[in-house]
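Have a look at the structure below, then the notes.
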Amino acid sequence: MTQPEELGAISCRAQNAVESSSKNLMWDVMKDLWCESINPNGYVNVGVAENLLMHDHLLEFINRKLDLPARYLTYNDGGGGSTRLRSAISRFINRHFNPVTPVQVDHVVVTNGVSSAIEHVSWAFADPGDGILLGRPFYGTFIPDVSQRPGTTVVQVSFDDCDVFGLEAVDKYEQALLHFQKTTGRKVKGLVLCHPHNPLGRCYPKPVIIKLMQFCQKYRLHFISDEIYALSVWQNTVDESPPPVAFESALSVDLNGIIDPHLVHVLWGMSKDFGANGLRLGAIISQANTGLHDALQAVTLYSYASGVSDYLTHCILENTEFTDRYISLNRKRLSDSYAFAVQHLKGHGIEHTPGCNAAFFLWVNLGKRYLELHPEDRSEDVSDKVMQRLLQKKVFLASGSLFGSEQAGWFRIVFSHPVEYLRVALQRIVAALED
């Protein structure tokens, strides 16, 4: 732990980072993970957005392909990724994202993960103090990605009772923009959309994407679509409503008459769709903004993907037979894991937000169930109370309070684990509420 006298020896920015990291339990949990045979008293982790369902499949492929050429021990083609990798990404995106304008090699900048990509676009589009809009609830790490080092302000958008995925939600973005600009005197420079959505596990309908683009055109905002879960879309076999919405990339929208193309940017990476957070490989796809590409050339040295990650990723993406088979099997396993988790939660009276068909998440109201079981408890913060109980049972999941939830008591469960592991996690969650 950093001592008070040490804090005075570092910058205010560094002090803020120390304070921010002190609230993050994730790394402590990751050092003490449950294993039935080796560490039965460790944490069962369903709080980190990782897909463990396909590791066997991916490792079998990687371990047959890893024959690293010497050039991948050098700087190769520079910090924005090798030409071969950017070519592989562009062909992969063209195959799966249905872009109106085919993605070319020079549209792609490679980063060491999508977090770096988010930080880059925040830095490139906004000056310190300027705003970027982000709807609630949101992926919690968007906040430091957008703001911690670039100094950009995250302008959180509340929706009250309107549907986050509905056309009426666009008005809420406009209200937030006008309020921020009036009260701060600063400009809003962009809007970040997580599509498919983390933590709600749904896709935005195309008419909503178009209306958000039109809103961005009206105020000259950059439309930044984080599509890191684009191919982790699966069949929901347990919820009857709301009806699922198919994923359609921002790249698939004909921008003519909607928004200037240089304002549209898509982010993607290997972490989620290929269950490979550890590869640290992301991409910024910007088809009409040469200024952005020129600016990023100056900073990609600080987000350089390793040569090993570069090589492995292009080997994976170039093999269409493998990737097609992988994506199909991944979708089946995600669908099965979701169904298992939902049936378990329903059996114990735990409410979840229905209609998911994308990503790895269940948005669950543990606070409501806890208060039903313990009506005598008058805790001021039910989210904090439930979190304490979960940690006592050595199960880790993400509190909605860190995701900008508009109501207390909501949590995010990551269900992309083998059934045996998921069963232990759900049993501990139930025990934390009932004991």
Side-chain angles (χ1 to χ4, degrees), residues 23-53 55 137 140 198-201 236-239 333-354 356 359-403 405 407-435:
K23 301 173 185 176
N24 191 342
L25 292 170
M26 184 178 81
W27 301 117
D28 291 334
V29 169
M30 299 286 269
K31 294 172 186 174
D32 183 23
L33 291 177
W34 172 84
C35 174
E36 186 174 17
S37 57
I38 299 174
N39 190 23
N41 295 318
Y43 285 97
V44 177
N45 175 18
V46 287
V48 178
E50 292 188 312
N51 180 0
L52 279 69
L53 294 171
H55 280 181
N198 173 5
L200 298 181
N236 186 326
T237 60
V238 294
D239 297 327
R333 290 183 178 180
L334 286 169
S335 176
D336 291 345
S337 280
Y338 177 82
F340 173 81
V342 167
Q343 296 297 352
H344 191 100
L345 293 170
K346 284 183 175 180
H348 292 275
I350 298 172
E351 175 188 358
H352 76 285
T353 299
C356 299
F360 318 148
F361 313 117
L362 272 160
W363 191 237
V364 297
N365 195 345
L366 300 186
K368 177 183 177 182
R369 183 57 179 157
Y370 171 76
L371 292 174
E372 289 171 352
L373 292 168
H374 305 279
E376 76 288 351
D377 195 324
R378 295 290 181 263
S379 299
E380 198 168 301
D381 187 342
V382 68
S383 296
D384 186 56
K385 183 71 172 183
V386 170
M387 193 68 188
Q388 291 175 25
R389 283 172 158 257
L390 292 167
L391 294 174
Q392 288 168 5
K393 292 295 182 184
K394 302 300 288 283
V395 59
F396 177 69
L397 55 157
S399 171
S401 61
L402 301 177
F403 285 67
S405 176
Q407 296 86 32
W410 288 87
F411 287 77
R412 187 192 74 172
I413 296 175
V414 176
F415 63 81
S416 47
H417 294 272
V419 165
E420 298 77 15
Y421 189 91
L422 198 54
R423 181 181 288 111
V424 175
L426 294 169
Q427 288 171 346
R428 291 192 183 187
I429 290 169
V430 170
L433 300 178
E434 292 183 348
D435 284 359

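Worth saying up front: this structure is predicted, and the values here are computed from it rather than measured.
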Original post:
Can you check whether K394 reaches D32 side chain to side chain, under 4.5 Å on heavy atoms?
Top reply: yes
**OP:** Enter the distance from D239:CG to H352:NE2 here, rounded to the nearest 0.5 Å.
**Re:** 3.5 Å
Original post:
So Y338 and T237, side-chain contact (heavy atoms from CB on, under 4.5 Å) or not? Walk me through it.
Top reply: CA-CA 9 Å; Y338 177 82; T237 60; over 6 Å; no
Would you give me the side-chain donor-acceptor pairs under 3.5 Å for residues 343-351, sequence neighbours excluded?
from: E351; atom 1: OE1; to: N365; atom 2: ND2; distance (Å): 3.4
from: E351; atom 1: OE1; to: K368; atom 2: NZ; distance (Å): 3.3

Original post:
What's the shortest heavy-atom distance between S399 and M387, and which atoms?
Top reply: CB-SD, 4.3 Å
Original post:
Which pair of heavy atoms, one from G400 and one from W363, lies closest together, and at what distance?
Top reply: CA-CH2, 3.6 Å
**OP:** Not counting sequence neighbours, which residues clear salt bridge (charged side-chain N to carboxylate O under 4.0 Å, His left out) with D381? List them please.
**Re:** none
Subject >> Of all pairs that satisfy ring-ring contact (aromatic ring centres under 6.0 Å, His included), the ones with a partner from residues 365-393, not counting sequence neighbours >> reply: Y370-H374
Original post:
Are F360 and L53 close enough that some pair of their side-chain heavy atoms sits under 4.5 Å apart?
Top reply: no
Original post:
What pairs with D435 under salt bridge (charged side-chain N to carboxylate O under 4.0 Å, His left out), at least two apart in sequence or on another chain?
Top reply: K393
Subject >> Over all atoms of both residues, closest heavy-atom pair of I413 and V364 >> reply: CD1-CG2, 3.7 Å
Original post:
So which pairs with a foot in residues 410-420 pass side chain to side chain donor-acceptor pair (under 3.5 Å), sequence neighbours left out?
Top reply: N198-R412
**OP:** Identify the heavy atoms of C356 and T353 that sit nearest to each other, and give their distance.
**Re:** SG-O, 3.7 Å
Original post:
Can you pull the ring-ring contact (aromatic ring centres under 6.0 Å, His included) pairs that have at least one residue in residues 24-51, sequence neighbours excluded?
Top reply: W34-Y421
**OP:** Can you spot which of L362, L366, V46 makes a side chain to side chain contact (heavy atoms under 4.5 Å, CB included) with F411?
**Re:** L366
**OP:** Could you walk me through whether V414 and L397 pass the side-chain contact (heavy atoms from CB on, under 4.5 Å) test, one step at a time?
**Re:** CA-CA 8 Å; V414 176; L397 55 157; over 6 Å; no
Original post:
Closest heavy-atom contact between A425 and V44?
Top reply: CB-CG1, 3.4 Å
Original post:
Taking S383 for the side chain and G409 for the main chain, is one N or O donor matched with an acceptor at less than 3.5 Å?
Top reply: yes
**OP:** With the side chain counted from C-beta on, respond yes when N39 and L33 share a heavy-atom pair under 4.5 Å apart, and no when they do not.
**Re:** no
Subject >> Euclidean distance, L422 CG relative to Q427 CD, rounded to 0.5 Å >> reply: 10.0 Å
**OP:** Can you see which heavy atom on P418 is nearest to which on L52, and at what distance?
**Re:** CD-CB, 4.3 Å
